[in-house]
Every structure is written in C-alpha cells, then in structure tokens.
Amino acid sequence: MVSYFGNLFVKLNPFAILIIAAILGILGASLVINAILHKRYKVLQWDLEDDNNRKQAIFESKVLNSIVDDYKMAASLNKEINTQAIIEKHFNNQLSFLYLCERFVKWSVSLMIVLGLLGTFFGLTLSVGRLVELLSSSGNTDVLENMDSIVGGLINSVKGMSVAFITSLFGIASSIILTVVNIIFNVEQKREAVMIEIEEYLDNVLSNSIDKGEIKSDSLQGVQMAFSVEEFTTKLENAIKEITDVLSYRFASATGNIEEFSSSLLKSVEKFDDSLKTFAENTRDFSEFNYHLKNNIQRMSICFDDFTEDLKKNINNMSNISSQVERLSKSIDNLTEKIDRL
C-alpha cells in the first residue's frame, strides 16, 4: 500500500501535489483550532463554575465580568432584562475571533472536498488532452502499425485519470476525519452550553442575590454612576455634535455672504477706479478750459481797454464838434441879427 501511494505521488502533477498539501494543511489547522476553541470554552466554564467566583460575582475572564456588570446595570434600572441578548452582545464584541475560527472549522469540510474535486478535474483535463493529442498524431498513419503505441498511450491516459482522483480521495478522507472530530468535539455545542450556563447563573443566582440585597450597594452605586456617566457622555457628545453642525452651517452661510460681499466690493472698487479715471480726464479737460478762458478774458480785457481809449477819444472829438457847433450856432445867430438890422 505504501509503495502504491509512493508511485502515485511520483506520477502526480506539481499542481496536484500543491492541492494535496493545501488539503492536509487545512485539516491540520482545523484540528488545532478545534482543540484551542474547545479549551477556551472549557476555561470559561471552569471559571463560571467556581463557587467563590459565583458568590462574589467576580471572575477571571473579562467577558464574564462584562456580562455580570451589564446585567447589574440593567437590574439597577428596574428594566426588563434580556439576558440572552446581553450574553450574545459581549460574546460577539469580545470573542469575535473565536466565532471566526468556528466558521473556519465548520466550512473546512466543504473546502477540502472542493479542493479535491479541483485537482481531479485538473488531472482529467490533462489526461483527455493527452488522449486527444495521441489520437490526432496517429490519425494519418497506418492503424495496424501503430496499434501498440496507441494502446500504450491509452494505458498512460487511464493511469493519469486514476492518479487524478487521488486529490478527491484526500479531500473526502480529510473531510470525513474532520467531520468525525466535529461530532465528538463539537465546538458550537460547547459554546452554546457555556452560554446557557451563564444565562442560568444570571437569572437564578445573580438575580436572587440582587433581589435579597446580597450584592453590595457600593457596586450598585458604581454601576449606576457608570451608567449616569455614560448617559451624560452620550448627551454631551450629541450636544457637541449639534453645536458643531449649527456652527458649521452658520460659518458656511457667513462664508458665502462674505464671498458675495467681497465680489460686490470688488465690483464697486472697479467702478470707483473707472470714476476716478473719468474724473481725472474731466479735470484735465477743465484745466485746459480754464487756461483758455483765462487767455480769452485777458484778450477781452485788452480789447475793452482799447475800446475805452477809443471811446474817450471819440468823446473828446464829439466835445470838440459840440463846441464847434455852438460856435457855428452863435455865428449864425450873429449873422441873423445883422440881417435883421439891414
């Protein structure tokens, strides 16, 4: 038997050897993880079954102490206690890695079978390919002459098929072994037994101790204080979040208004710059107008001076003419008198 499997391993493809190694690795990892999980849950069960720990409600396991504290908190608030929900919450939060390991062990059976089938189909594909290659190479020659080679090729192909099924054999055998181990050492059943025992302790032992007042008031006050602090922290976080949201909204609005004001201010500055340019041009034009006006006024002053002098001269001339007219008038009067005398 050993020599038979040794010959098979020699004839195996490297890919088939890799698949077999993966199957054996998954089998070994599943067995080790199963033993570790069984040991962890057994330790929790021993810790829970200790009489001193049960009386004091203090355990070595962190998850058990968290469950007990949560149960005390719910009991101190006089609320309806959902014990199973408390246990499952802490198991999911603090023992999530163990849940992952459980899922790995559970699905390892199917994974090993799938890997075995993968190796089988790979080997069959190679064998069929060799068979097709053999028939196609001998199709153009005499069948009788190549009968021996054809028969030899068929035998090699069939041997290859028999070798291909060894991966499925390893996958199925490993899955059978792991299934038997899971039946004998069922980790999921062990976990459920621990959870049921914890629930029984909380509802029947710890609950009665709380009702009879055997649990120290300091611990209850500590639980209430912890709950109050947690509630205050939650309210404070919500208030800070609301204030932050409001301030963010107002700051965003203010930023938008500032942007609008900045854009309008820039437009106003641009308009003011245009107005300054226009005013500068108008001032330059007004300076030129003022200069020309001054020159014109000076010219008009000179003209008025000349006109005044001419007017004075004309007035003098007119006074002279007036005197001459008077003289002429007197002469005419004298002449008239002389004529009248004659």
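For the single chain, residues carry numbers from 1 onward in sequence order.
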With the 4.5 Å side-chain cut-off for hydrophobic clustering, are V187 and Y99 part of the same group? yes
query = Given side chains that start at C-beta, do those of Y201 and V68 come closer than 4.5 Å, heavy atoms only?
reply = yes
> Below 4.5 Å, heavy atoms only, C-beta onward: do Y71 and D203 meet side chain to side chain?
Replying inline: yes
Can you find a heavy atom in the side chain of H90 that is under 4.5 Å from one in the side chain of L64? no
- Query: Distance-only, no hydrogens or angles: does the N34 side chain make a donor-acceptor pair with backbone N or O of S30 under 3.5 Å?
  - Reply: no
*Does a sphere of radius 6.0 Å around CD in E60 hold more than 12 heavy atoms from other residues, nucleotides or ligands, not counting ones at 6.0 Å or beyond?*
no
Closest non-hydrogen atoms of A57 and L206, given as atom of the first, atom of the second and distance, are CB-CD1, 4.0 Å
For this session: Could you tell me whether a side-chain N or O of D70 sits under 3.5 Å from a main-chain N or O of S66, the two making a donor and an acceptor?
Result: no
Hey, can you tell me if F91 and Y41 have their rings parallel, tilted or perpendicular (30° and 60° cut-offs)?
parallel
**Message:** Does Q189, at its CD atom, have more than 12 non-hydrogen atoms belonging to other residues, nucleotides or ligands within less than 6.0 Å?
**Reply:** no
Worksheet item: Do the side chain of N65 and the main chain of S61 share a donor and acceptor less than 3.5 angstrom apart?
Response: yes
- Query: Mind checking whether L111 and I23 have side chains closer than 4.5 Å, heavy atoms only?
  - Reply: no
Is I184 reachable from I36 through a run of I, L, V, M, F, W or Y residues, each pair having side-chain heavy atoms under 4.5 Å apart?
no
Check your understanding: Is the shortest heavy-atom distance from the side chain of L44 to the side chain of L95 under 4.5 Å?
Key -> yes
### Donor-acceptor pair between Q84 and E199 side chains, under 3.5 angstrom
no
Applying a strict under-4.5 Å side-chain criterion to I, L, V, M, F, W and Y, I'd like to know whether F97 and V63 cluster together. no
Counting only heavy atoms not in R40 (residues, nucleotides, ligands), do more than 12 fall under 6.0 Å from its CZ? no
(message) Between D47 and V43 (side chain of the first, backbone of the second, donor and acceptor by atom type, cut-off under 3.5 Å), is there such a pair?
(response) no
(request) Answer with yes or no whether the hydrophobic clustering places W107 together with I172; edges join I, L, V, M, F, W, Y residues whose side-chain heavy atoms lie under 4.5 Å apart. (result) no
Worksheet item: Tell me, do T167 and L118 make a side-chain contact under 4.5 Å, heavy atoms counted?
Response: no
*asked:* Can you confirm whether more than 12 heavy atoms, excluding those of F185, are under 6.0 Å from its CZ atom?
replied: no
Exercise. Less than 4.5 Å apart, any side-chain heavy atom of L37 and any of R191?
Worked result: no
Sequence neighbours excluded, the answer for salt bridge (Lys or Arg N to Asp or Glu O under 4.0 Å) partners of K42 is none
Item checked: I20 side chain reached by I166 side chain, heavy atoms, under 4.5 Å -> yes
